[in-house]
Amino acid sequence: MKSVLNRPIVIHLPSSPSYLPVMRATLGKLCELVGFDRETAGAVVLSMDEALTNIIKHAYGGAEDGVIDIELAPVGEPEPEAVKISLRDYGPAVDPKKIKSRDLDDVRPGGLGVHIIKKCMDTVEYAPADGGGTLLTMVKKLNSQKGKDKV
Amino acid sequence: MKSVLNRPIVIHLPSSPSYLPVMRATLGKLCELVGFDRETAGAVVLSMDEALTNIIKHAYGGAEDGVIDIELAPVGEPEPEAVKISLRDYGPAVDPKKIKSRDLDDVRPGGLGVHIIKKCMDTVEYAPADGGGTLLTMVKKLNSQKGKDKV
Amino acid sequence: MNQDSHSSPVQSERWVGRATVVEVAGDIDLHRSSQFQQSLLDVVDRNPERIVVDLGGVGYMDSSGVASLVKLLSRTRKTGVGLRLVGLTRRVQSVFEITRLNTVFEICQTEEEALA
Amino acid sequence: MNQDSHSSPVQSERWVGRATVVEVAGDIDLHRSSQFQQSLLDVVDRNPERIVVDLGGVGYMDSSGVASLVKLLSRTRKTGVGLRLVGLTRRVQSVFEITRLNTVFEICQTEEEALA
Ligand SMILES: Nc1ncnc2c1ncn2[C@@H]1O[C@H](COP(=O)(O)OP(=O)(O)O)[C@@H](O)[C@H]1O
Ligand SMILES: Nc1ncnc2c1ncn2[C@@H]1O[C@H](COP(=O)(O)OP(=O)(O)O)[C@@H](O)[C@H]1O
């Protein structure tokens, strides 16, 4: 059956750290199908993991009974050229400007997640979500893989 | 962070064969976390794959623009004792009695999916879904793994 | 691009005398089974005396992959060609057991045995 | 039950003279990092001269796992204990590179080198 990878998978995930390995497996396989090499797929998976971790810690304060809405979307026609990851929480509104990475030279535990996300993904955008909470949208393009020219 | 695996993951999946490897990866990892051994996890993953294949072929007639609602639920407190998989399609209503496996002795291509599902899972139930389509619910218990006593 | 999803399930075909060894790789599911079946039937058209399907590279196969092999089996029976399967991974072996097709196909442990 | 999710990230601890080699296994993420950190700090309490953390069994680590190691680093600096990391898989190595902590930690290629 000839079929294409051009529609999003939508997931409602419990805000519990227990489910992180499951989401990593899901996105890792999708990245493989989209055509990312192992290393880039790993960086995309790490970025989603960091973003989910931040939602669990900061948006839900560790409460495990929240829900995270996830959209994993291969983007491009007829063949996918990128993957777009959207994460939406229902936590207290937060000023997107407050979500930023710290100075890396100050070696201390924590404060690395946002840095990792911005370093690994091509575009990263935090915005207040309709009806409360925060919507994070991040995109990784196939042609931004190492060893290929940046567009 | 101490956390438990006792809430469902809800997924809306495009009815396209392209996404089958992604769902296998998702459920495979969840089964591992729930505590299934490799062989049993493989049988549970195969069952979901067969059921999704049937939905794509029979409920949607190969159309890839349908949606399959999937719920993957670890079941049991405080530790999961089973995994429950619910698959809901929006295809034409079908009489659950018509969904059955054929005689295996008649060797011909096809007609093996329902047999595999019933053989691998502990309970399998097809029912008309509220608002149209079919709801398939299947459960696999940890203690029905080979090498452990049946309850 | 990775072999599981994009390339043909049949990776190579190698003649050993009048037998041909067909090497299959990647997951075989609904997404790839029709291409799998077509490649297998193409092999029959090349008139080998025997076909050895090496499934060593197949980590996952569902009933649509099995159906392609059953289709090949009935074609080979019709045309008098021998058919043997070899290199079944544990997961693939178990699909054959669940569907009781392990008694219908000639399944060998090694290529030598399959070619003997 | 599998090691990735249920058992302690620290699999074993082995003394080599006055140094101790700590073997870590499984994915280290938010689910397991606090247990990971606690186990690491417990090692410091046993007063080794040097701690060698063998990450060979860690296929995946995110910033919460890295944070546990940074916490260990500041504790060992305070108490004058040596700390070396060894056996970093490619994925773990790349997390250290992205966070530039590869220049902060002493990362060795082999256990011999880490114990030298
Ligand atoms: N989803 C979120 N909701 C609210 N605040 C967030 C979110 N993600 C990140 N932040 C803020 O951005 C800061 C930096 O995040 P990060 O770099 O991951 O470090 P850490 O989580 O270790 O503090 C956090 O301390 C937090 O204040
Ligand atoms: N989701 C479904 N919706 C409608 N009919 C179905 C569904 N799943 C299975 N069936 C029916 O049950 C029959 C047996 O399915 P199966 O054993 O998987 O064999 P196959 O799909 O190869 O025919 C199918 O031929 C079909 O008529």
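Throughout, protein chains are lettered first and strands after them, A, B, ... in sequence-line order, and every chain is numbered starting at 1.
Closest non-hydrogen pair, B/G110 versus C/A67, comes out as N-CB, 3.6 Å. When all heavy atoms are compared, the tightest approach of B/L104 to C/T99 is CD1-O, 3.7 Å.
Within 6.0 Å of CZ in C/R46 there are more than 12 heavy atoms belonging to other residues, nucleotides or ligands. Heavy-atom contacts from other residues, nucleotides or ligands closer than 6.0 Å to CZ of B/R102 number more than 12. The neighbour count for C/R75 CZ, taken as heavy atoms of other residues, nucleotides or ligands under 6.0 Å away, does not exceed 12. Within a 6.0 Å radius of CG in B/D130, no more than 12 heavy atoms belonging to other residues, nucleotides or ligands are found.
In this structure, CG in C/D62 is found 11.0 Å from OG in B/S47, a value given to the nearest 0.5 Å. Taken to the nearest 0.5 Å, the CE atom of C/M61 stands 12.0 Å off from the CG atom of B/D49.
Highest contact tally toward chain C, considering only B/K119, B/R108, B/E50, is held by B/E50 [criterion: heavy-atom pairs under 4.5 Å].
Only the side chain of C/L101 comes within less than 4.5 Å of a heavy atom in chain B; its backbone stays farther off. Contact of C/S94 with chain B is not made at all, since no heavy-atom distance falls under 4.5 Å.
No side-chain donor-acceptor contact under 3.5 Å links C/H31 to the backbone of B/S16.
With C/S63 as the fixed residue, the side-chain contact (heavy atoms from CB on, under 4.5 Å) test singles out one of B/I116, B/L46, B/I117: B/I116. Looking at B/L20, B/L52, B/T53 one by one, the single match for side-chain contact (heavy atoms from CB on, under 4.5 Å) with C/D29 turns out to be B/L20.
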